[in-house]
Every structure is written in structure tokens, then in C-alpha cells.
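Take a look at the structure set out below.
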Number of protein chains: 2
Amino acid sequence: MSTATGPRILVVDDEPNIVEVVSMALRYQGFEVATAANGAEAHAQVEAFRPQLLVLDVMLPDTTGFEIAERLGAQRSSIPIIFLTARDAQEDKLRGLTTGGDDYMTKPFSLEELVARIRTILRRTGQGSDESNRMVFEDLELDDDTREVLRAGQPIDLTATEYRLLRYLLSNPRRVLTRAQILDHVWEYDFGGDARVLETYISYLRKKLDAHGPGLIHTVRGVGYALRAPR
Amino acid sequence: MSTATGPRILVVDDEPNIVEVVSMALRYQGFEVATAANGAEAHAQVEAFRPQLLVLDVMLPDTTGFEIAERLGAQRSSIPIIFLTARDAQEDKLRGLTTGGDDYMTKPFSLEELVARIRTILRRTGQGSDESNRMVFEDLELDDDTREVLRAGQPIDLTATEYRLLRYLLSNPRRVLTRAQILDHVWEYDFGGDARVLETYISYLRKKLDAHGPGLIHTVRGVGYALRAPR
DNA sequence: CGCTATAGTTACCGTTCGGTACCATGTCGT
DNA sequence: ACGACATGGTACCGAACGGTAACTATAGCG
């Protein structure tokens, strides 16, 4: 049912591309999304849109994400924030903020990672769905808290990229995902490298997953990949 | 929605950041939290919120924590207080108060420490959960009263920082904790130093813990650490 | 039946990340 | 005041990771 409105998220960034990419991804995930390109718009949108979570670029044309966070004052405690910052920014400033239930990510990030963090925070603050942090498909289980992956009860060790890829596949079981979709979600949004990496990592995943059972990752030639039950 | 209400705690401090950080941490721990920024608000909240414990900054804009404590009068005996004070403040005044079942901490403190003290006091006054003061994971035991740590029955000597770190890990068994989370909880909340310290202390802990058994602290590369059963 | 495009696998290398030993500073107790 | 110990910072090493590339396998199609 498409009328079920998901949690409201406000995305604030002055780079239109980021806003575009992020908000589309979040809408597709069922969130309600509003956007703002500067501090003034952000404050207006907080009033009008009443978001349950903010995705907030630290560097904005007219202010900083920190200032916005401060000016939110009392409401602040009920609106967690995910700060976006350049890779080399001093993390100390941010670190203090994460204790408040906030979090931060360094640009460029993967959308898969962002969605995962949003889900974690909303779950923690009880505003999200009471969905488990656990994804299951056939005899494959993935627990996002412990970061444990089990195939037929057997624990499987995955690297960070392998894990992101598998989680994305698991979040869209049976659906065929195109190469472009997977690259866009699992790799950093500005990844410009060879698209062949994907095949490599699919290969890695299959090797580790199928050591304990028949193949779950199905190739759809000319299109992409899909998670399907083995026959 | 399961709003299982934990013990009610009132946090009083005029620094919004402190209130923010502390109240979020306590809420996450399952406490019900109200806040106040000055003496007037504090008194009002004691009336309205009926907290079972106060976290009370000594220096407030309109009064001092001591005065608030005094004015609470008769109710006082049933509401223990944790005073917060700057490091170099006269600790003599505070020491007298701790005998009454109260406690004090100097800023900056670690959240892990604050939560531990709150738990201790609530347990003592019988208002807390009937949770044991003992944490156990596999063959690892930690007793918060005696500050004893046992691995496979063997006592292990830990320094203060090592102990806080281990306790935080034990309070989130199996869950992967990010570097930022650990630094935020185990080190003082304004710790801005090099995050490498963490690895150093993980190393110390492993050395001491794993002298009596297989590794319990598991590295999740690119993310953080988790307490896991050895396989 | 064989050619071509697409996918899979493996190997390799540069870089990053984590572990540990070592050192400087601070704190506490005697 | 001194010594011992805890804490935090630095440096260096090794391992793991990610991405590229080269080679192999396979499917689709004329």
C-alpha cells in the first residue's frame, strides 16, 4: 500500500547532485523526503515539514550544520542528525555529537551505508518501523547489529564491501538489480572506476556463500543480478 | 510501541551540550529523562516529573546544586543526587555529601562512568532494576561492586581505562561498536585526542584477557570492535 | 558451428588500516 | 620529592582490503 507514509527526513546540502541522489534513494526506500540547500531553508523546512531525522551537510553557503543543530535547541533532542562532512575534516568535533544519538558520514559515501545508518537511528529512537535489524532470505541471515552473516547457520566472514553488496541484494530479494543500480548504491556515489569491480565482488560473494549451499545469486544476462531461491 | 518506563532521572545543567549528550545516553540506556537548565526549572521538574535520581551541575546560573539539594528538604532523602563539578572545584564540600548516598563526578567525565554510577546508586536504593551488578559473557565475568574481572575463574587486574572499556564492550555483547561510539562512551566526552589510543587499549585488554583463553574481542575492519564467542 | 559480447575467476599491487612496541607526560602514593 | 604506574601519543610493521587487469568460460546469435 503506497499511502503508508514513512518517516519524514530532511536532506540539507548545497550540492544539488547530492540532494538529488540522496533524496531519490530515500524516497525509493519509503521515506518521505524534503530538501533544503542552505540554513534558512533548512529552518523553514524543519518548521513546515517536521522531519524525524536530518541529513545535514556540515558546510553550507550561509552557515554550518553545527549551527543549525544548535539553533534547533529544545526540539533538537527529538530530531537526530546525520552529519555529512568531507573526508579530511577533523573528526573530533563530530565525535562529541554522535553520543547524542547522532551520527556522521564522510563524503563520498555509499547510499547503502546511509540508508543503513538512518534505519539504525530510527530504530534506536523508536520512530522507525519495529522491523528487526535482521534480514533473512532462504537459509541466509544477516544481522546488522552484530554484522554477522549466516548461511545455513554457519557464520561467514565478509569484508566491508562484500557486506554492503550482500545487504543491498538482501534488501531487494528476488528483484533483478541492474549493474548501475548496484554500483550506485553499494559503491561511493561518485565512483568512477571500472564497472567490472561488481563482477569481481559478486564472484567473491558467491565463493563465500555457496561454500555452504547452492547458489543464491542469480545472473540475469545483459541486465544484472538477483537473489533467488536455488532450485 | 513498548514504552517500558525505566527509572526517572532529572538532568540539570546550564550547558545545552552536556544536557544533550547525557540525556541521550541515559535514554538509550532505558531511563526516562527530564531536563532543566536552572534552579527554577529544576524545582518545577522535581514536582512534575518525580525523578528517582538527580544529575545536578553544581554551578547554575541562578543558584547552586547544593541549594537545590537543601531546598528539596524532606523529599531529599529519597532522591539521591549525582553532582557534576569542574575538575578543580573544591572537592571537600562534595565529599561530605557522598555519605548521604549521593555521589559526584568531575567534568569532563566518561558516559560509561556516569551510567555505571547511576546504576550503582539505583541498585543500592532498590529503585533500579533487579539486574545483577554482574556482567557475564562466555567465561568472562565482571562484578561492578567489587570491580573484579574473571576469565575462566581467574582474576584479572585491569587499569581504570581498561576496565571502563571492557565494561562498555560487555554491556553490548555481540554488537559491533564503532570506534566513535567507544571513544564517546569510554573516554571523557570532550576527548579530542588521537583515536589511536583506542587500539592501544584494545591491545592491552586482549593481552590480559586472552592470557587465559581464546580471543573474545573481535576486530571488524573498517567499523569497530565486537565481543564475540571464540569459535 | 563458430564468432562475439558478456560474465566469471584469479592474480596482482598500491593503499589503508590495525596491532604493538616504545616514548613522553601526568598522577598518585610513599 | 621521588619513584612507580597509568595514560595517551608516535612510529613502524604487517596484514587485509579494494580495485584493476588479464585471462578464461559461457551464452547468444548469425
Point to revise | Gap between atoms CG and C1', on B:Asp157 and D:dA4 respectively (whole Å) | key: 15 Å
**Study point:** Nearest-angstrom distance from the residue atom OH of A:Tyr201 to P of C:dT10
**Key:** 15 Å
Point to revise | N/O donor-acceptor pair under 3.5 Å between B:Arg228 side chain and B:Val176 backbone | key: no
Practice item. Please indicate whether A:Arg175 has more than 12 foreign heavy atoms, meaning atoms of other residues, nucleotides or ligands, lying under 6.0 Å from its CZ. Key: no
Review point. Roughly how many Å is it from CG in B:Leu165 to P in C:dG19, rounded to a whole number?
Key: 12 Å
Check your understanding: Atom NZ of A:Lys208 and atom P of C:dT9: how far apart are they, to the nearest Å?
Key -> 14 Å
Check your understanding: Between D:dG8 atom P and B:Leu205 atom CG, what is the distance in whole Å?
Key -> 13 Å
Review point. Are A:Thr159 and D:dG18 close enough that a side-chain N or O sits under 4.0 Å from OP1 or OP2?
Key: yes
Review point. Does A:Arg124 reach the main-chain N or O of B:Tyr28 with its side chain, forming a donor-acceptor pair under 3.5 Å?
Key: no
Using nucleotides 15-18 of chain C, report all nitrogen or oxygen pairs with the protein that are shorter than 3.5 Å.
| unit_1 | atom_1 | unit_2 | atom_2 | d |
| --- | --- | --- | --- | --- |
| C:dC17 | O2 | B:Arg221 | NH2 | 3.1 |
| C:dG18 | OP1 | B:Arg179 | NH1 | 3.0 |
| C:dG18 | OP1 | B:Arg179 | NH2 | 3.3 |
| C:dG18 | OP1 | B:Gly222 | N | 3.2 |
| C:dG18 | OP2 | B:Arg179 | NH2 | 3.4 |
| C:dG18 | O5' | B:Arg179 | NH2 | 3.4 |

Point to revise | Out of D:dT7, D:dT20, D:dC17, whichever nucleotide has its closest atom nearest the side chain of A:Thr200 | key: D:dT20
Check your understanding: What does nucleotides 23-30 of chain C look like as a protein-contact string, B for base, S for sugar-phosphate only, - for none, at under 4.0 angstrom between heavy atoms?
Key -> --------
Exercise for review: May I ask you to decide whether A:Lys107 forms a salt bridge with A:Asp13, counting only side-chain N to carboxylate O separations under 4.0 Å?
Suggested key: yes
Point to revise | B:Tyr189 and B:Phe109 aromatic ring geometry - parallel, tilted or perpendicular at 30°/60° bounds | key: perpendicular
Check your understanding: A:Val197 side chain: which of D:dG8, D:dG18, D:dT20 is closest?
Key -> D:dT20
**Study point:** A:Met59, CE: over 12 other non-hydrogen atoms inside 6.0 angstrom
**Key:** no
Review point. About how many Å separate CD1 of B:Ile121 and CD1 of B:Ile9, when rounded to the nearest 0.5 Å?
Key: 9.5 Å
Review point. Would one find a side-chain N or O of B:Lys207 under 4.0 angstrom from OP1 or OP2 of C:dA21?
Key: yes
Review point. What is the distance from CD1 of A:Ile217 to P of C:dT9, rounded to the nearest Å?
Key: 10 Å
Revision key, fill the gap. Between A:Thr161 and B:Arg164, whichever has its closest DNA chain D nucleotide further toward 5' is B:Arg164
Check your understanding: Tell me: CH2 of B:Trp187 to P of D:dT7, nearest whole Å?
Key -> 9 Å
Check your understanding: Could you give the CG-to-P distance, from A:Leu158 to D:dC17, as a whole number of Å?
Key -> 10 Å
Point to revise | Phosphate OP1/OP2 of C:dG19: any B:Ser203 side-chain N/O under 4.0 Å | key: no
Check your understanding: In terms of ring plane angle, is the pair A:Phe191 and A:Trp187 parallel, tilted or perpendicular, where the classes change at 30° and 60°?
Key -> tilted
Check your understanding: Do the charged groups of A:Glu113 and A:Arg167 touch, with an N to O distance under 4.0 Å?
Key -> yes
